[in-house]
> 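Please find one structure pasted underneath; my questions will follow.
No hydrogens, no waters, no symmetry mates; every other heavy atom, side chains included, goes into these values.
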Amino acid sequence: MYLSKDERKDIMIAYGHKDAVEKDHYEIGPDTWIYLFEDNEGKYLLVSTDYTGDYEFEMFPHLLKLNNKAEFVLQKE
């Protein structure tokens, strides 16, 4: 499920990361989006979906890697 910029920011604030900056976002499946955030404390992955079937949510961090500039890159494999 796609979230507006304000909705994404509100969620990060609710989790105590009011200074988190969105780095990117990707649609990765039917009605499923991942949003990448970063602040001084770390990097965060927000997953938003309308579908809660047989996803294995623990696999989402493995979809990402860091390139040599320490930016998020969605792996295509």
Side-chain angles (χ1 to χ4, degrees):
M1 162 175 76
Y2 181 79
L3 299 172
S4 72
K5 188 168 186 145
D6 287 339
E7 290 171 318
R8 299 187 303 257
K9 189 67 176 171
D10 288 346
I11 290 169
M12 293 307 290
I13 290 169
Y15 280 97
H17 298 285
K18 66 179 176 136
D19 296 325
V21 175
E22 184 175 342
K23 301 309 251 179
D24 215 338
H25 59 272
Y26 303 92
E27 183 175 19
I28 60 166
D31 298 320
T32 303
W33 289 77
I34 59 171
Y35 304 92
L36 309 173
F37 289 86
E38 184 175 17
D39 65 14
N40 290 335
E41 296 178 33
K43 299 178 187 302
Y44 309 95
L45 178 70
L46 172 63
V47 178
S48 174
T49 185
D50 285 342
Y51 177 74
T52 58
D54 54 359
Y55 274 134
E56 294 183 28
F57 287 101
E58 64 274 4
M59 60 84 74
F60 282 111
H62 304 292
L63 292 172
L64 302 172
K65 66 178 181 176
L66 296 176
N67 68 16
N68 59 1
K69 296 180 185 175
E71 297 174 354
F72 290 108
V73 177
L74 185 66
Q75 295 189 52
K76 303 291 185 189
E77 302 171 7

> Of all the heavy-atom pairs spanning Ala20 and Lys9, show the shortest one and how long it is.
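Minimum heavy-atom separation between Ala20 and Lys9: O-NZ, 2.8 Å.
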> Among all residues two or more places apart in sequence or in another chain, which pass the side-chain hydrogen bond (donor to acceptor under 3.5 Å, both in side chains) test with Glu22?
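Result, side-chain hydrogen bond (donor to acceptor under 3.5 Å, both in side chains) vs Glu22: Arg8, His25.
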> For the atom pair CG (Asp31) and OG (Ser48), what is the distance rounded to the nearest 0.5 Å?
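The CG atom of Asp31 sits 9.0 Å away from the OG atom of Ser48.
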> To the nearest 0.5 Å, tell me how far Thr49 OG1 sits from Glu27 CD.
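Nearest 0.5 Å value for the OG1-CD distance: 10.0 Å.
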> Is it the case that more than 12 heavy atoms not belonging to Tyr15 sit under 6.0 Å from its OH atom?
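Atom OH in Tyr15 is not crowded, with 12 or fewer foreign heavy atoms closer than 6.0 Å.
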> Check side-chain hydrogen bond (donor to acceptor under 3.5 Å, both in side chains) between Asp39 and all other residues, then give those that pass, not counting sequence neighbours.
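By the side-chain hydrogen bond (donor to acceptor under 3.5 Å, both in side chains) rule, Asp39 matches His17, Tyr44.
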> If Ile, Leu, Val, Met, Phe, Trp and Tyr residues are connected whenever their side-chain heavy atoms lie under 4.5 Å apart, and connections chain through other members, are Met12 and Val21 in the same group?
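In one cluster: no.
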> Test side chain to side chain contact (heavy atoms under 4.5 Å, CB included) on Lys18 and Ile13; report intermediate values, then the result.
CA-CA 4 Å; Lys18 66 179 176 136; Ile13 290 169; 3.9 Å; yes
> Please find the pair of heavy atoms, one from Tyr35 and one from Leu3, that lie closest to each other, and give the distance.
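Taking Tyr35 first and Leu3 second, the nearest heavy atoms are OH-N, 2.8 Å.
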> Show, in sequence, the C-alpha distance, side-chain angles and deciding distance for Leu46 and Phe37, and conclude whether the side chain to side chain contact (heavy atoms under 4.5 Å, CB included) test is met.
CA-CA 8 Å; Leu46 172 63; Phe37 289 86; 4.1 Å; yes
